[in-house]
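In this text the structure is predicted, and so the values were computed from the model without any measurement.
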Amino acid sequence: MGVEGCTKCIKYLLFVFNFIFWLAGGVILGVALWLRHDSQTTNILYLQLGDKQAPNTFYVGIYILIAVGAVMMFVGFLGCYGAIQESQCLLGTFFTCLVILFACEVAAGIWGFVNKDQIAKDVKQFYDQAFQQALTAEPDGNNGKAVVKTFHETLDCCGPDSAMGVITPLWKEELCPKDFLLKAFQLHANCHQKIDELFSGKLYLIGIAAIVVAVIMIFEMILSMVLCCGIRNSSVY
């Protein structure tokens, strides 16, 4: 016998929340794939300076997002099917998956909060090393100039956030985009600032998505337990 009354309303409410959760998983998966293949980040994070690769901490977080999006779509489908079928077993499995996913999201959030400044810091250090080599090394001694030019063209910036970057004349024409020197002095668009803007904007977007998903998961855990109890009670009669 199916559930009736308020429990039936909860059943369909849980279905709606799970459908939204499934859609959110698809959105997160799509955003993660976009971030993974975004031209700015790929141009920078695929760079190699001699034997040193650009920091890939950002991509670790992206791969986690891809996995989370895929799992969310599976769990959302499981919740929808369990709610419609009024299956205590499926709802219990759904609740367990939600708890695990919520714990993983909290752990990922803590990791992201701890490392949010480190990502940009590592990339800025990589840029500074390339900039130093571009100024001091022989023309064919390394690929520092190519790395620096890629940063400048991708981020539309010129020079590091340091006094040396301003007073050193060697990089003005060789390393910076044409007609950028006047713009750099007008807008103070140094590459350290642009790197901060690049990653802080993307991390802000990820943070908003994580908060929205966490709120949905909390509601779903409550509704799934209430529905499971309602199904158990209705089966008694």
Side-chain angles (χ1 to χ4, degrees), residues 31-67 107-207 209-210:
V31 170
L33 291 173
W34 169 71
L35 292 174
R36 173 63 181 80
H37 298 287
D38 179 55
S39 59
Q40 284 189 316
T41 52
T42 52
N43 285 347
I44 290 174
L45 297 180
Y46 273 155
L47 291 173
Q48 189 165 347
L49 183 62
D51 295 332
K52 184 177 181 181
Q53 183 70 36
N56 62 353
T57 309
F58 180 73
Y59 277 153
V60 173
I62 296 303
Y63 291 136
I64 292 174
L65 271 185
I66 292 174
I110 294 173
W111 177 84
F113 180 79
V114 171
N115 292 277
K116 64 182 178 67
D117 296 325
Q118 189 64 35
I119 295 173
K121 182 179 178 182
D122 291 341
V123 175
K124 284 187 284 188
Q125 288 178 348
F126 180 79
Y127 168 79
D128 288 344
Q129 291 176 3
F131 187 80
Q132 289 284 351
Q133 291 190 22
L135 295 181
T136 59
E138 294 296 326
D140 298 329
N142 61 77
N143 64 332
K145 286 186 178 180
V147 171
V148 171
K149 283 184 178 180
T150 302
F151 269 94
H152 290 172
E153 292 172 0
T154 301
L155 300 180
D156 193 25
C157 63
C158 186
D161 186 17
S162 65
M164 187 198 69
V166 176
I167 65 176
T168 304
L170 298 177
W171 53 270
K172 291 181 180 178
E173 296 182 359
E174 292 185 37
L175 303 179
C176 294
K178 293 181 179 180
D179 302 327
F180 188 85
L181 188 59
L182 180 60
K183 186 193 299 184
F185 281 112
Q186 289 175 340
L187 303 177
H188 307 289
N190 60 71
C191 288
H192 281 199
Q193 177 184 341
K194 289 289 189 175
I195 291 170
D196 283 331
E197 291 175 359
L198 174 66
F199 290 102
S200 64
K202 288 176 169 50
L203 291 174
Y204 180 74
L205 177 65
I206 293 172

Chemist: Give me the atom names and distance for the closest heavy-atom approach of A32 to L65.
Modeler: CB-CB, 3.7 Å

Chemist: Can Q193 and E197 be counted as having a side-chain donor-acceptor contact under 3.5 angstrom?
Modeler: yes

Chemist: CG of D38 to CG of L198: how many Å apart, nearest 0.5 Å?
Modeler: 7.0 Å

Chemist: Looking at every non-hydrogen atom in both residues, tell me the closest pair between R36 and I62 and how far apart they are.
Modeler: CB-CG2, 3.7 Å

Chemist: For V147 versus L47, what's the shortest heavy-atom pair and its separation?
Modeler: CG1-CD1, 3.8 Å

Chemist: Would you call the rings of H192 and Y127 parallel, tilted or perpendicular, taking 30° and 60° as the class edges?
Modeler: perpendicular

Chemist: If you take all heavy atoms of L35 and T41, which pair is closest and at what distance?
Modeler: O-OG1, 3.3 Å

Chemist: Looking just at side-chain N and O atoms, do Q118 and D122 make a donor-acceptor pair shorter than 3.5 Å?
Modeler: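 Yes, because at least one side-chain N or O of Q118 sits under 3.5 Å from a partner of the opposite role on D122.
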
Chemist: Test your reading of the model: is there a side-chain donor-acceptor pair from T42 to the backbone of S39, 3.5 Å cut-off?
Modeler: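 Yes.
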
Chemist: So do I195 and I44 actually touch side chain to side chain, heavy atoms under 4.5 Å?
Modeler: no

